[in-house]
Amino acid sequence: MSTCRVHFTVRLLGLQGLRPANAIGLLLAAGLGLWTGSLPQPSETTAPVPPPESMGASHRLRDRTGGTESDSEGIPSPSRRQPLPDTLPALARQAIAYYFATGQVLPPPEEIPPHWRRSAGVFVTVSTEGRPRGCWGSLDPSGEDLARATIRAAVGAVTRDWRYVPLQPGELESASIQVAIVRRVVPIASAGRSPFAAVEQVDPTRMGLFVRSGTRGAVLLPGEALTTEWQLATAKRLAGIPADQPVELFRVEAELLHEF
């Protein structure tokens, strides 16, 4: 299991081998959560997160046709066009391979498939041997399509997440990639209740949790915790928020996409 970085001045941190985050990292505001900006403002209803605003992390992809070439590390050569993948995890892999080969962000496709044209917050998690090696993304949609958002998050996952040993080009082939598409960020009413009582409505196996206090915050994506108590305590710790300090609570609903 792993956690990701959130859009703006909010940090998403991993669940294995973690240490308290005592500083809030910069996240993308113009790409999938890697630069600074204002904190996301979830709706007070269960309405989807508003489409506009930059999405966290990064980069672009191009519509590609024709064959591919590989270098000695098994990374596709940018000298020939590559086909546009059918899935977002495959697109994330292509974006990482392109970055390793060129040091640049994959250009966006000339034509975006209809099912990728909507805007949403996106996170990309890269793992090897079941252990996270990087995760990056944004709760907020930026008005960009899912393809651009995924590319930016993918590059951010292998270049911006200081918690883990950076993924090397030779490891990409055996790495696994997950893409999380944020559907809704819903406030959790906590008036008159303790934070632990308030989050009882969150099933951590199906829902994520976003906590924030001022400019500090953290998100655990769905499936990254087994109990709500651990989910809340870990999110506060990772955000650098004292255990006894009040926080705003939000339920995060997301669709998880895997390569296989």
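Values reported hereafter were calculated over all heavy atoms of this structure, with side chains retained and with hydrogens, waters and symmetry mates removed.
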Is the shortest side-chain heavy-atom distance between Leu220 and Trp230 below 4.5 Å? yes
Whether the side chain of Arg133 engages the backbone of Thr128 through a donor-acceptor N/O pair (distance < 3.5 Å, no angle test) should be reported. no
Exercise: identify the closest heavy-atom pair between Cys135 and Thr125: SG-OG1, 3.0 Å
Could you tell me whether the side chain of Val202 reaches within less than 4.5 Å of the side chain of Leu232, counting heavy atoms only? no
Is there a continuous path of hydrophobic side-chain contacts, each under 4.5 Å between heavy atoms, that joins Leu256 to Leu91? no
Give a yes-or-no answer on whether the side chains of Ser213 and Gln245 include a donor-acceptor pair shorter than 3.5 Å. yes
Short side-chain to backbone donor-acceptor contact, Arg206 and Pro222, under 3.5 Å: no
Which distance, rounded to the nearest 0.5 Å, do you find between the CD of Glu253 and the CE of Met207? 5.5 Å
For the atom pair CG (Asp203) and OG1 (Thr227), what is the distance rounded to the nearest 0.5 Å? 11.0 Å
Quick one: closest heavy-atom pair of Leu221 and Ala180, and the distance? CD1-CB, 4.2 Å
Measuring from Glu171:CD to Ile96:CD1, what's the distance to the nearest 0.5 Å? 11.5 Å
Taken to the nearest 0.5 Å, the spacing of Arg117 CZ from Leu146 CG works out to 12.0 Å
Holding to salt bridge (charged side-chain N to carboxylate O under 4.0 Å, His left out), I want the full list of residues that pass it with Glu229, two or more places apart in sequence or in another chain. none
Could you pull out the closest heavy-atom pair between Ala95 and Ile151, with the gap in Å? CB-CG2, 3.8 Å
Do the side chains of Val252 and Phe123 get nearer than 4.5 Å, heavy atoms only? no
Counting C-beta onward and ignoring hydrogens, is there a side-chain heavy-atom pair between Tyr164 and Arg131 closer than 4.5 Å? no
Common cluster, Leu257/Ile112, ILVMFWY with side-chain heavy-atom separation under 4.5 Å: yes
Backbone N/O of Ser174 and side chain of Glu129: donor-acceptor pair under 3.5 Å: no
Thr87 versus Glu259: any side-chain heavy-atom pair under 4.5 Å? no
Heavy-atom nearest pair, Pro141 first then Ser119, reads CB-OG, 3.2 Å
Please find the pair of heavy atoms, one from Ala198 and one from Ile188, that lie closest to each other, and give the distance. O-CG2, 3.2 Å
Contacts of Glu200 meeting salt bridge (charged side-chain N to carboxylate O under 4.0 Å, His left out) (sequence neighbours excluded), chain-then-number -> none
What closest approach, in Å, do Ile177 and Ala92 show between heavy atoms, and which atom pair accounts for it? CG2-CB, 3.9 Å
Check against side-chain contact (heavy atoms from CB on, under 4.5 Å), Asp145 and Arg148: CA-CA 6 Å; Asp145 54 74; Arg148 287 174 170 83; 2.3 Å; yes
Would the distance check show the side chain of Lys236 and the main-chain N or O of Ile241 forming a donor-acceptor pair, the cut-off being under 3.5 Å? no
When you compare the side chain of Asp161 with that of Pro132, does any pair of heavy atoms fall below 4.5 Å? no
Would a distance-only check, ignoring hydrogens and angles, find a side-chain to backbone donor-acceptor pair under 3.5 Å from Arg212 to Val247? no
Do the side chains of Ile181 and Arg118 get nearer than 4.5 Å, heavy atoms only? yes
I'd like to know if the side chain of Arg184 reaches the main chain of Arg251, judged simply by a donor and an acceptor atom lying under 3.5 Å from each other, with no hydrogens or angles considered. no
